[in-house]
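Each chain gets a letter, A, B and so on, in the order its sequence line appears, and its residues count up from 1. Every value quoted in this text rests on a predicted model; they were computed, and no experiment measured them.
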Protein chains: 2
Amino acid sequence: MSVTIHDVARKAHVSVATVSRALALPDLVADATRARVLAAAKLLGYQPNRAARSLITGKTGNLGIIVPDLGNPFYPNILKGAQSCAHQSSHSVLLADSDEDPAQEEALVRTMAKQVDGIVICAPFASDARLLKMAELTTLVLINRSLPGVPSVLMDIAGGMTQAVAHLVSLGHRRCAFLNGPNIAWSTRERRRGMRAAAATQGLNFIEFGPFEPKFEGGLEGADVALKQNVTTIVAFNDLMALGVLSRLAACGVRVPQDVSVVGFDDLLYATMCAPALTTVAMPMEAAGSAAVHLLLERVGSEQPERNNSGNRHKLPTKLIVRGTTAAPSARGTKVESAAKRVYSGA
Amino acid sequence: MSVTIHDVARKAHVSVATVSRALALPDLVADATRARVLAAAKLLGYQPNRAARSLITGKTGNLGIIVPDLGNPFYPNILKGAQSCAHQSSHSVLLADSDEDPAQEEALVRTMAKQVDGIVICAPFASDARLLKMAELTTLVLINRSLPGVPSVLMDIAGGMTQAVAHLVSLGHRRCAFLNGPNIAWSTRERRRGMRAAAATQGLNFIEFGPFEPKFEGGLEGADVALKQNVTTIVAFNDLMALGVLSRLAACGVRVPQDVSVVGFDDLLYATMCAPALTTVAMPMEAAGSAAVHLLLERVGSEQPERNNSGNRHKLPTKLIVRGTTAAPSARGTKVESAAKRVYSGA
DNA sequence: ATGAAAGCGCTAACAC
DNA sequence: GTGTTAGCGCTTTCAT
């Protein structure tokens with residue numbers, strides 16, 4: 001069908017072994033020979049058959065990446081980073097979507113395991129135990145999930161939270177609502193912990209609400225609940241939720257940032273596109289994808305099943321991006337109070 | 001390393017050939033034997049090595065999909081549809097990002113060609129000639145690009161435009177600005193054609209502007225230009241651009257939809273999340289991804305290089321989603337005029 | 001209905 | 001420095 005190593009060998013008047021070497025270990029063949037082989041290969045447009053190579057080396061040159069939901073705008077940039085990094089190391093990436101289903105996640109790992117050298121799972125939904133089981137099937141790297149024994153790429157959420165709280169406190173906010181994400185999620189626990197620590201350290205008074213769905217709709221709900229408490233600022237679990245908060249606030253006649261400040265997490269593309277633009281803690285998504293692939297490649301390359309733990313956990317820095325949804329609180333909370341009353345008078 | 005067909009054969013007391021048959025062509029083996037083989041396979045957790053199979057069958061069970069930019073919110077849902085459809089036919093999908101570079105696109109096809117059964121390219125940037133050349137390397141299916149001889153999945157843009165124009169006309173709009181996307185893009189030509197036809201048919205007076213970058217920034221620019229012309233409505237190339245228009249309009253004190261109506265294209269997630277929510281022509285992105293994979297699998301399955309042309313072009317329906325950015329124009333364009341003057345008085 | 005055996009294209013010992 | 005050769009795990013004739 002296609003041009004094989006034999007064709008190249010014949011054309012270059014050498015054996016197939018020499019062709020193979022000239023391509024893979026150039027130092028082992030004489031310069032003249034190598035030149036001849038390379039010329040022949042290029043002339044014929046030879047591309048090694050990866051299946052054949054894989055059969056013998058045991059490596060596929062493929063990496064798997066599993067995301068919970070391709071429709072969630074949080075993941076594409078992770079994919080972008082992962083894809084780009086993999087490509088640089090001439091690896092291909094197999095994409096799969098688990099539909100936020102732990103069982104599906106495991107099934108995907110099981111299927112993929114045979115055809116990849118390793119798998120990156122983004123924000124896995126599976127339990128620790130299941131994840132550990134999957135880790136036996138192939139080399140695993142996690143993004144946004146910490147699990148002893150499995151290397152992972154995390155983002156410095158606590159650090160981001162500290163920056164956000166510092167920003168709000170410096171603006172003069174004292175009463176803050178914090179909207180939680182789903183209880184099962186690692187990132188919810190992480191944010192909560194960060195919030196508690198930062199608030200305690202910096203003397204911010206805050207009330208927790210939730211869990212809410214980490215989506216626009218969750219923000220709608222969250223805003224309703226928070227409005228009742230007459231807070232001057234709302235910190236949302238993520239940007240999607242913050243966008244929902246913004247929308248509900250606008251609908252209730254609460255002005256942002258004059259009446260209430262809003263802070264999100266992630267720094268999605270949309271954060272810059274709404275009016276006012278969202279103040280948010282930027283997550284290094286592309287970097288995370290890239291770091292995860294790096295980690296994977298590193299482990300795959302050097303056959304070391306158990307490495308020292310220090311290299312197992314990458315924590316990437318986050319950064320507060322101040323935009324238009326945060327400002328000093330107005331002297332008194334009257335506006336918010338009346339708006340909240342208005343909303344709930346009928347309910 | 002792993003469990004092979006030999007292990008299963010030994011366990012089931014049959015030859016490897018029988019195992020192979022029991023799994024692939026169940027009718028060719030006796031019921032009892034098949035049962036024994038299946039049991040052994042399951043017991044050992046046997047998973048056929050796809051590389052080995054691929055080597056002999058010539059099929060990889062992989063599909064490639066190339067998008068111009070993973071960071072663009074238009075593509076993830078196409079990926080979702082493609083991935084899900086491929087998965088249903090037990091194919092894997094190899095993802096690549098061309099960075100909107102025609103050369104990269106071609107390079108990716110060349111690299112992928114060997115390890116996939118076919119490739120879907122979304123909104124390709126390469127020229128017709130180059131695309132045709134790529135089509136010789138592997139089975140190709142295009143999304144959002146029409147090219148004689150290469151099967152493609154398109155969206156009914158003209159139909160969507162007709163709906164949008166009908167909506168605007170019925171609202172009473174007579175002066176419309178239409179913001180074009182990049183001139184090279186197939187979808188720009190398609191929209192322009194649709195707009196001209198719909199406007200002519202329905203008697204809408206419109207002015208074309210652009211090309212603009214099909215992003216938020218392009219919308220910022222576009223709004224500036226359109227405002228000068230004192231139109232009552234703006235139709236943007238896509239949602240990203242429409243969001244930019246919205247933002248600039250808000251910044252200029254032009255109220256939407258009271259002063260100016262805005263219509264986008266795509267129906268991105270964000271279209272529902274801005275305030276007011278965007279009226280837009282929804283593109284069936286997930287369906288397109290799925291349709292493209294279907295087409296690919298169909299062609300790959302039945303080795304027919306040249307099929308009758310009728311099956312080569314799928315046009316998917318689009319639908320206008322009316323939300324908050326469109327309304328009847330105010331009696332007089334005064335407001336817009338003064339706002340536009342304000343903006344440009346200094347420039 | 002089942003088994004034996006010949007490769008698919010490539011790499012990795014092992015010879016020379 | 002280069003060639004020969006034995007498989008990698010699987011499917012598929014060809015016998016039986």
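B:His294 NE2: 12 or fewer foreign heavy atoms inside a 6.0 Å radius. The local environment of CZ in B:Arg130 is crowded, with over 12 non-hydrogen atoms from other residues, nucleotides or ligands closer than 6.0 Å.
By the 4.0 Å N-to-carboxylate-O rule, A:Asp99 lies close enough to B:Lys80 to be salt-bridged with it. Using a cut-off of 4.0 Å between Lys/Arg side-chain N and Asp/Glu carboxylate O, A:Arg36 and A:Asp31 are scored as not salt-bridged. Ionic pairing of B:Asp117 and B:Arg299 is not present here: no N-O contact between side-chain nitrogen and carboxylate oxygen is shorter than 4.0 angstrom.
Contacts of residues 27-43 of chain B with DNA chain D (heavy atom under 4.0 Å): none.
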Before you tell me yes or no, could you show the steps for B:Arg313 and B:Ser146 under side chain to side chain donor-acceptor pair (under 3.5 Å), namely the whole-Å CA-CA distance, both residues' side-chain angles and the distance that decides it to 0.1 Å? CA-CA 8 Å; B:Arg313 212 176 238 85; B:Ser146 153; 3.1 Å; yes
Show the numbers, then the answer: is there a side chain to side chain donor-acceptor pair (under 3.5 Å) between B:Lys114 and A:Ser2? CA-CA 9 Å; B:Lys114 296 304 212 183; A:Ser2 186; 2.3 Å; yes
Steps toward side-chain contact (heavy atoms from CB on, under 4.5 Å) verdict (B:Leu316, B:Met283): CA-CA 8 Å; B:Leu316 271 24; B:Met283 303 291 224; over 6 Å; no
Base contacts versus sugar-phosphate-only contacts with protein, heavy atoms under 4.0 Å: please encode nucleotides 10-16 of chain D as B, S and - from 5' to 3'. SBBB---
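Atom CG of A:Leu55 is separated from atom P of C:dC8 by 13 Å (rounded to the nearest Å).
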